[in-house]
Q: 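Here you go, one structure.
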Amino acid sequence: MGLGVLGIVFIIIAALYAVGVLQILTTETSGPHYKHAVLFAVLAVASFVAANFARPKTA
């Protein structure tokens, strides 16, 4: 369950980077940072895949 929540947090951060809200955390302040958004989107997908493997399986 924790990995699923982490994936949702990564999606929110990716959306904020894509919109350009999180400019404060980077050295450049010139609009949206799509590379950061893609990175967090990939991390979100990886978290959801890991959550799928970590969940208990029904036999």
Side-chain angles (χ1 to χ4, degrees):
M1 180 154 160
L3 289 170
V5 172
L6 188 63
I8 292 171
V9 169
F10 284 151
I11 288 175
I12 292 170
I13 292 173
L16 291 176
Y17 266 122
V19 174
V21 174
L22 290 179
Q23 296 176 3
I24 300 167
L25 301 177
T26 60
T27 56
E28 300 175 1
T29 57
S30 60
H33 297 276
Y34 295 112
K35 290 181 184 178
H36 292 98
V38 169
L39 172 71
F40 279 105
V42 168
L43 287 174
V45 170
S47 294
F48 289 133
V49 169
N52 187 32
F53 283 115
R55 69 181 171 94
K57 305 290 183 206
T58 56

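Excluded from the calculations below are hydrogen atoms, water molecules and symmetry mates; all remaining heavy atoms, backbone and side chain alike, are included.
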Q: Are Leu39 and Val19 connected in a single hydrophobic cluster, I mean Ile/Leu/Val/Met/Phe/Trp/Tyr linked by side-chain heavy atoms less than 4.5 Å apart?
A: yes

Q: Could you state the interatomic distance from CZ (Phe48) to CG (Leu3), rounded to the nearest 0.5 Å?
A: 10.0 Å

Q: Going only through I, L, V, M, F, W and Y residues with side-chain contacts under 4.5 Å, is there a path from Leu43 to Ile12?
A: yes

Q: Over 60° means perpendicular and under 30° means parallel, so classify the ring planes of Tyr17 and Phe40, tilted if in between.
A: parallel

Q: I need the minimum non-hydrogen distance between Gly7 and Ala44, along with the two atoms involved.
A: O-CB, 3.5 Å

Q: Determine the minimum heavy-atom distance between Ala14 and Ala41, stating which atoms define it.
A: CB-N, 3.9 Å

Q: Can you get from Leu6 to Val45 by hopping between Ile, Leu, Val, Met, Phe, Trp and Tyr side chains that sit under 4.5 Å apart?
A: no

Q: How long is the straight-line distance from CD1 of Ile13 back to CD1 of Ile8, given to the nearest 0.5 Å?
A: 12.5 Å

